[in-house]
Amino acid sequence: MKLTAAITAVGKYLPPDVLTNADFEKLFDTTDEWIKTRTGISERRILKDPSKATSFMMAEAARRVLEQRNLDPLDIDLIIACTVTPDMMFPATACLVQNEIGAKNAFGFDLNAACSGFLFGLSTGAQFVETGRYKKVLVIGGDKMSSIIDYTDRTTAILFGDGAGAVLLEPSTDGTGVLDHILRSDGSGKDFLYQKAGGSLHPASPETIHNHWHYIYQDGKTVFKSAVTGMADVSAEIMAKNNLQGQDIAYLIPHQANLRIIDATANRMGIDSGKVIINIGRYGNTTAGTIPLALSDAIEQKLFKRGDNLIFAAFGAGYTWGAAWVKWTYNT
Ligand code: UT7
């Protein structure tokens, strides 16, 4: 039987501090009503401790995975850290996580596909397992979005939160695991969602700081339109490619950027809202963290059974987008 990469454990970390819509009402001209209606978000978590960053949240999520499978950190072969908010430009956040959890036998690298980061990381990690080369691969998605948010910009500040989620991939021959994925990029989206400075084009300078170029910029309306089409199209495409109908799908686990984008994707897939894992209300958009956090929440609610067909779907900066078909491995 074909070797597949099964998800055998899922862990998460959310920082304790909560930033509510009411807090934003005190910062700028907005309302709880506007934020909830336009995005579905009520609150988000913020990592306030200035001495901690993305690697801390990722290491915490990874530790929970190790506990679940009762593993020694030395058992881990590979760590893929998916993020747009690395602790530093280099070294890779994956190396910091590796050191933090004591996974001395693992190699690691970072993967930047913005909000599609976890999906791209999952597909990448699955390849390493499917070849038979590695047996225990940690794929971690997480972002400290509060580190790149302009809290005077009401159009983006309300959207994002901090958090991380991790999965363990292990080889399987029982037909479950990551069965297919479709990944896409379109670099012409570069003008609509970006963090302009801090890279080699615009290194930090008084000018970049003065112009707020170290913060996220998003043309929300333009990204929204592309996200609705991109996420819905690719989800429908992966279903058609694998002869899956709406009734065959147990759950959609979508990137959590906007409730209206999620609803449009579910409609297009022909699945009802009860089969969609949604936690945007509590965490906002945690970028590469959203899908593993949603997965973790669903597992805590014991929603999945062995053999369930799950579709993961995401859309993000780049543009990057895609979908994965996962046949779930264990009863939760
Ligand atoms: O995860 C990566 C991918 N990102 C996404 O998928 C996000 C995609 N975009 C979105 O989710 C939505 O476009 C937003 C939630 C960002 C914005 O919602 P929208 O329905 O597209 O609103 P808009 O940008 O068209 O703005 C409508 C109005 C504007 O006022 P005027 O020009 O009509 O007078 C904005 O200035 O809402 C105003 N507005 C706000 N009002 C109250 C913008 N932000 C706020 C705010 N509170 N926080």
Side-chain angles (χ1 to χ4, degrees), residues 19-44 82-85 112-121 141-146 148-163 165 183-195 215-235 253-266 268 278-281 283-294 312-323:
L19 193 57
T20 65
N21 291 350
D23 294 328
F24 283 119
E25 287 176 347
K26 290 176 216 143
L27 281 180
F28 39 62
D29 181 18
T30 193
T31 61
D32 174 51
E33 168 69 16
W34 190 96
I35 300 171
K36 273 197 203 138
T37 320
R38 298 289 180 120
T39 70
I41 303 169
S42 297
E43 58 186 47
R44 6 32 224 126
C82 313
T83 188
V84 291
T85 51
N112 177 342
C115 293
S116 308
F118 179 78
L119 198 61
F120 282 38
D143 275 292
K144 184 180 173 182
M145 296 306 290
S146 60
I148 56 168
I149 294 293
D150 179 353
Y151 283 103
T152 64
D153 174 5
R154 68 176 183 170
T155 62
T156 55
I158 54 145
L159 299 171
F160 295 95
D162 302 339
L183 307 177
R184 305 240 189 266
S185 296
D186 175 5
S188 69
K190 68 180 173 26
D191 298 330
F192 309 112
L193 181 49
Y194 54 77
Q195 180 190 347
Y215 295 126
I216 290 186
Y217 167 82
Q218 175 171 244
D219 173 348
K221 234 186 187 37
T222 304
V223 176
F224 184 91
K225 283 186 205 146
S226 299
V228 166
T229 318
M231 223 162 102
D233 281 357
V234 80
S235 303
I253 296 102
H255 170 54
Q256 317 271 322
N258 188 313
L259 194 52
R260 292 180 288 146
I261 300 173
I262 296 173
D263 288 344
T265 304
R268 177 73 184 283
I278 297 169
N279 60 12
I280 189 171
Y283 309 146
N285 182 351
T286 53
T287 303
T290 58
I291 291 181
L293 285 172
F312 299 180
F315 186 95
Y319 297 134
T320 54
W321 69 104

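Every number for a ligand or one of its atoms is a count from 1 in the order of the listing. Computation of the quantities below employed the complete heavy-atom set of this structure, encompassing side-chain atoms and omitting hydrogens, waters and symmetry-equivalent molecules. Please read all numbers here as calculations on a predicted model, not as lab measurements.
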Quick one: look at N285 and ligand 1, take heavy-atom pairs under 4.0 Å, and tell me if it's side chain, backbone, both or neither. side chain

Pick one of side chain, backbone, both or neither for how T155 approaches ligand 1, counting any non-hydrogen atom pair under 4.0 Å. both

Can you tell me the protein heavy atom closest to atom 16 (C) of ligand 1 and the distance? L159 CD1, 3.9 Å

Counting heavy atoms only, name the option from I35, N258, I261, I262 that's nearest to atom 6 (O) of ligand 1. I261

What's the shortest distance from atom 7 (C) of ligand 1 to any protein heavy atom, and which residue and atom give it? Q218 OE1, 3.5 Å

Report the nearest protein non-hydrogen atom to atom 2 (C) of ligand 1: residue, atom name, distance rounded to 0.1 Å. C115 SG, 3.2 Å

One should read off an interatomic distance between T20 OG1 and D32 CG, to the nearest 0.5 angstrom, of 8.0 Å

Protein heavy atoms near atom 29 (C) of ligand 1, is at least one of them under 4.0 angstrom away? no

Under the 4.0 Å line, does any protein heavy atom show up next to atom 41 (N) of ligand 1? yes

Protein residue, atom and distance nearest to atom 3 (C) of ligand 1, heavy-atom basis: V223 CG1, 3.7 Å

Distance in Å, Q218 CD paired with F224 CZ, rounded so as to fall on 0.5 Å steps: 11.0 Å

Between the candidates Y319, W34, F28, which shows the shortest non-hydrogen contact distance to atom 37 (O) of ligand 1? W34

Any protein heavy-atom neighbour for atom 24 (O) of ligand 1 (distance below 4.0 angstrom)? no

Whether F24 and F28 hold their rings parallel, tilted or perpendicular, with breakpoints at 30° and 60°: parallel

Closest contact, heavy atoms only, F160 versus R44: O-CG, 3.2 Å

Report the nearest protein non-hydrogen atom to atom 46 (C) of ligand 1: residue, atom name, distance rounded to 0.1 Å. T30 OG1, 3.3 Å

For atom 9 (N) of ligand 1, the protein heavy atom that lies nearest, with its residue and separation: G220 O, 3.1 Å

Side-chain donor-acceptor pair present, N21, S42, cut-off under 3.5 Å: no

Side-chain (R260) to main-chain (V228) donor-acceptor, under 3.5 angstrom: no

Can you report which non-hydrogen protein atom sits closest to atom 35 (C) of ligand 1, along with the distance? R154 NH2, 3.9 Å

Take atom 19 (P) of ligand 1 and look for protein heavy atoms under 4.0 Å from it; say yes if you find one, no if not. yes

Subset of ligand 1 atoms that lie under 4.0 Å from at least one heavy atom of A257: 1 (O), 5 (C), 6 (O)

Which option, K221, R260, R38, K225, owns the non-hydrogen atom nearest atom 22 (O) of ligand 1? R38

